[in-house]
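Only one structure is covered here, and it is reproduced in the block below.
In this text the structure is predicted, and so the values were computed from the model without any measurement. Atoms considered below: every heavy atom in the structure, side chains included; atoms not considered: hydrogens, waters and symmetry mates.
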2 protein chains.
Amino acid sequence: MKLTINEIAELAQVAKSTVSKALNGQKGVSEEKRKLILKLAEQLDYHPNASAQALALNRSGSIGFVLPHQAGMSLSGAYWSAIITAVAQEARSHNYNLLILSPGPDDDLAAPIDSVLKRRNVDGLIIGAEHLDSKAVSTLILEEVPFVLIGRSPNVRHYSVDVDNEAASRKIVSHLASKGRRRIACLAGPREHSYTQERVQGYLAALRDAGLEWSAVEYSNYELEEVTRAIGRLLGAHDDIDALYMTAGGEFVLDAIDVLKASKGDLSGFGMAVFDDYRFFDYLSIPISRLRQPLSAIGTTSASVLFEIMEGRKPDRLEWVLEAETVLR
Amino acid sequence: MKLTINEIAELAQVAKSTVSKALNGQKGVSEEKRKLILKLAEQLDYHPNASAQALALNRSGSIGFVLPHQAGMSLSGAYWSAIITAVAQEARSHNYNLLILSPGPDDDLAAPIDSVLKRRNVDGLIIGAEHLDSKAVSTLILEEVPFVLIGRSPNVRHYSVDVDNEAASRKIVSHLASKGRRRIACLAGPREHSYTQERVQGYLAALRDAGLEWSAVEYSNYELEEVTRAIGRLLGAHDDIDALYMTAGGEFVLDAIDVLKASKGDLSGFGMAVFDDYRFFDYLSIPISRLRQPLSAIGTTSASVLFEIMEGRKPDRLEWVLEAETVLR
DNA sequence: CTGTTAGCGCTTTCAG
DNA sequence: CTGAAAGCGCTAACAG
């Protein structure tokens with residue numbers, strides 16, 4: 001049941017090194033033998049043993065994808081799943097496999113990465129940045145592991161692909177302003193994430209663009225209690241808020257709407273914009289403009305950048321910034 | 001930079017075979033040497049090279065997870081992502097890695113599976129059944145590859161873990177009946193999927209339980225056009241339908257509600273139940289009762305069944321059926 | 001162009 | 001208990 005290169009060599013009456021060369025398209029094999037060998041391999045459906053190849057070549061043939069902690073969580077799963085699908089596709093087209101590294105609920109991100117690296121299970125990594133400690137990153141760089149980040153972390157300068165958080169935010173908040181909103185508040189995600197900062201910057205820029213002087217930003221960690229408090233602070237301090245920009249989507253939006261409704265009652269006339277796009281937004285009680293991230297492109301791009309560095313080429317830049325699409329309502 | 005078993009052996013002044021034994025907890029090593037070796041390995045943070053181990057042991061140390069085609073799609077991604085996260089966890093706890101096999105948009109499911117198997121990249125497979133052709137399955141069985149299915153396919157009898165589609169459907173439709181609905185129609189998914197059939201059976205059983213004689217089932221492939229037509233057929237034939245049971249959730253539900261609204265106008269008083277649970281259901285115009293699948297449990301169970309067969313133990317049964325939780329509205 | 005040989009790093013006999 | 005040696009399947013030098 002185990003078909004090896006030796007069988008092929010025997011059948012073709014050649015040395016296994018010849019088979020190896022023929023199969024790998026190397027030169028130094030007569031056209032005649034090459035044909036014979038390829039035909040044989042094809043007929044017998046021979047595939048070289050991955051472990052043996054990996055051992056001989058000192059390369060695993062897999063890349064790893066590191067999920068952030070909360071990837072399993074409901075809607076954010078949809079986000080990661082779309083990216084993974086694209087990465088898997090790209091990997092396959094390079095004849096690589098895709099390993100998923102999902103940190104346990106408790107243990108830290110570094111452990112699984114470390115092990116997989118030490119064991120030489122992967123040749124490169126794509127890491128959902130979110131909150132990657134710079135310690136882990138410097139280890140990676142030190143060990144010269146090729147890797148690319150999805151999203152960026154503060155204090156980390158490395159290959160990354162991300163969406164243009166600031167520009168997109170600016171655009172959609174400008175849209176709110178153009179609709180006549182004058183008191184546009186911002187409900188932001190966790191302050192420590194780069195993407196939150198960038199999106200807030202975009203928000204502020206849009207206000208400046210529109211000549212609005214008033215602004216208000218509150219941060220939260222996406223959990224109902226904090227969201228409640230954050231919105232409370234916003235509404236408590238200003239009773240004339242007429243629009244809200246949220247720097248992240250998903251269920252967070254539902255929470256926010258609940259809280260808003262509870263404090264303000266009727267929401268008609270209230271403006272809303274969100275960074276992220278889910279179709280159900282159209283079924284909530286107010287129109288929501290939103291930003292749609294190019295998920296497949298993020299996956300495809302990060303994978304191809306990774307393969308580029310794995311193949312020793314040096315990309316001409318460090319950061320790939322993709323556009324988010326605006327969906328105006 | 002490459003720390004191998006040889007270095008450890010040298011430092012410990014023993015043969016590498018002794019190191020191997022010590023590290024793998026085999027007997028035949030003096031307590032003294034074992035301690036020394038373990039200490040050394042710990043200090044130097046030695047991890048055996050996975051490929052070498054795989055080659056020597058003829059086992060890859062990875063299991064594969066086969067996604068169905070449309071997994072990247074929006075909300076269904078959330079579903080798979082939750083399962084994968086659980087599987088990854090379980091794999092890690094068995095010291096296995098998780099390989100993701102995602103079929104390309106065009107190519108068939110068999111190709112990637114076949115290659116990964118032939119190359120001995122995985123020791124076992126978890127397959128999102130959905131529509132797995134029985135040909136592929138028989139190949140797997142023939143090659144004696146350990147695998148378990150998530151969900152079931154008609155004509156395939158093999159280890160599988162699934163949710164109790166019929167019982168859950170029966171329960172939730174009974175709930176509709178208990179609320180006084182008398183004309184409960186069923187909007188089903190694709191007829192060829194087992195889960196659709198089972199859910200329809202549950203629906204019919206519930207009607208019988210409630211002593212209702214009237215029933216109506218229409219199938220569709222989840223696409224707006226077909227959904228429109230299916231609902232059209234239901235409403236066209238019966239103008240007194242007062243409730244709808246949908247055998248699947250996600251965006252499908254939004255489409256259905258759109259269509260319903262368009263034909264019936266006001267939906268108040270209309271009853272609705274759905275197999276699947278998303279929080280946004282609570283924000284639609286009518287209350288929706290629903291069934292929540294135990295996603296993590298599905299992942300964990302399928303993985304542990306897989307490991308059981310991989311370890312040569314023969315589970316006492318072929319099918320694991322988990323309960324879906326009902327969320328009544 | 002071809003075959004022989006020597007590893008890749010690990011496990012596993014099997015003498016000592 | 002210990003270590004030398006063989007071998008997992010493949011690739012890469014190097015003679016011929």
Side-chain angles (χ1 to χ4, degrees), chain A residues 1-38 40-41 44-62 95 97 115-123, chain B residues 1-38 40-41 44-62 95 97 115-123:
Chain A
M1 251 340 14
K2 56 300 180 79
L3 181 60
T4 77
I5 198 173
N6 292 306
E7 275 70 72
I8 306 280
E10 188 144 348
L11 289 172
Q13 300 282 26
V14 298
K16 60 183 197 178
S17 59
T18 306
V19 176
S20 177
K21 282 175 202 152
L23 255 27
N24 295 313
Q26 295 175 17
K27 48 188 215 176
V29 184
S30 68
E31 201 45 43
E32 191 190 7
K33 301 213 161 178
R34 160 162 284 140
K35 275 225 169 117
L36 173 61
I37 293 170
L38 290 179
L40 236 38
L44 304 181
D45 196 23
Y46 166 76
H47 294 249
N49 179 308
S51 311
Q53 221 167 17
L55 182 58
L57 293 177
N58 191 30
R59 81 182 216 356
S60 70
S62 301
N95 283 313
N97 283 122
S115 134
V116 104
L117 251 30
K118 282 256 155 58
R119 307 205 46 179
R120 300 214 134 66
N121 259 319
V122 296
D123 302 327
Chain B
M1 250 345 3
K2 62 283 176 96
L3 181 60
T4 76
I5 198 174
N6 292 305
E7 274 71 70
I8 307 280
E10 190 145 344
L11 289 171
Q13 300 282 25
V14 299
K16 60 182 195 177
S17 55
T18 306
V19 177
S20 176
K21 281 174 202 151
L23 256 26
N24 295 314
Q26 296 175 18
K27 48 189 217 177
V29 184
S30 67
E31 202 44 45
E32 190 189 6
K33 303 215 160 179
R34 158 163 284 139
K35 273 221 171 121
L36 173 61
I37 292 170
L38 291 179
L40 236 36
L44 303 180
D45 196 21
Y46 165 77
H47 294 249
N49 178 308
S51 310
Q53 219 166 18
L55 182 58
L57 294 176
N58 190 30
R59 81 188 222 342
S60 70
S62 301
N95 282 314
N97 283 120
S115 133
V116 104
L117 251 31
K118 282 256 153 62
R119 307 205 46 179
R120 300 213 134 67
N121 259 320
V122 297
D123 301 328

Separation of [N] [atom2] from [X] [atom1] (nearest whole Å):
| X | N | atom1 | atom2 | answer |
| --- | --- | --- | --- | --- |
| B:Leu23 | C:dT12 | CG | P | 13 Å |
| B:Gln13 | D:dT2 | CD | P | 14 Å |
| B:Asn6 | C:dC10 | CG | P | 7 Å |
| B:Asn58 | C:dT12 | CG | C1' | 14 Å |
| A:Lys27 | C:dT2 | NZ | C1' | 16 Å |
| B:Leu36 | D:dT2 | CG | P | 11 Å |
| B:Arg120 | D:dC10 | CZ | P | 10 Å |
| A:Glu7 | D:dC8 | CD | P | 11 Å |

* Looking at every strand, decide which applies to B:Leu57 at a 4.0 Å heavy-atom threshold: base, sugar-phosphate, or nothing. => sugar-phosphate
* Asked: Less than 3.5 Å between a donor and an acceptor, one on the side chain of A:Ser17 and one on the base of C:dT4, is that the case here?
  ->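 Checked by distance alone, the answer is yes.
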* Asked: In terms of the nearest nucleotide of DNA chain C, which residue is placed more toward the 5' end: B:Asn49 or A:Gly28?
  ->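 Here A:Gly28 is the residue nearer the 5' end.
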For [N], does either OP1 or OP2 sit under 4.0 Å from a side-chain N or O belonging to [X]?
| X | N | result |
| --- | --- | --- |
| A:Lys33 | C:dT2 | yes |
| A:Tyr46 | D:dC10 | yes |
| B:Thr18 | D:dG3 | yes |
| B:Asn24 | C:dT11 | yes |
| B:Thr4 | C:dG9 | no |
| A:Gln53 | D:dG9 | no |
| A:Gln26 | D:dT11 | no |
| A:Ser30 | C:dC1 | no |

* Nearest atoms (heavy-atom pairs only) where A:Leu55 meets B:Ser51 ->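 Closest pair (atom of A:Leu55, atom of B:Ser51, distance): N-CB, 3.9 Å.
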* Identify the heavy atoms of A:Ala9 and A:Ala15 that sit nearest to each other, and give their distance. =>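 The pair with the smallest heavy-atom distance is CB-C, 4.0 Å.
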* Inter-residue atom distance B:Ser30.OG - B:Ile37.CD1, 0.5 Å rounding ->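 CD1 of B:Ile37 is found 8.0 Å from OG of B:Ser30.
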* To do: Count the heavy atoms belonging to other residues, nucleotides or ligands that lie under 6.0 Å from CD of B:Glu31, then report whether that count exceeds 12.
  =>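 Above 12, so yes.
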* **Crowding at CD, B:Gln26 (>12 non-hydrogen neighbours, <6.0 Å)** => yes
* Would you mind telling me which residue lines up with the more 5' stretch of DNA chain D, A:Ile5 or A:Lys21, judged by nearest nucleotide? =>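 Of the two residues, A:Ile5 wins.
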* Side-chain touch A:Leu3/B:Lys118, heavy atoms, less than 4.5 angstrom -> no
* Minimum-distance nucleotide (side-chain atoms of B:Lys16 versus D:dA12, C:dC10, D:dA5) -> C:dC10
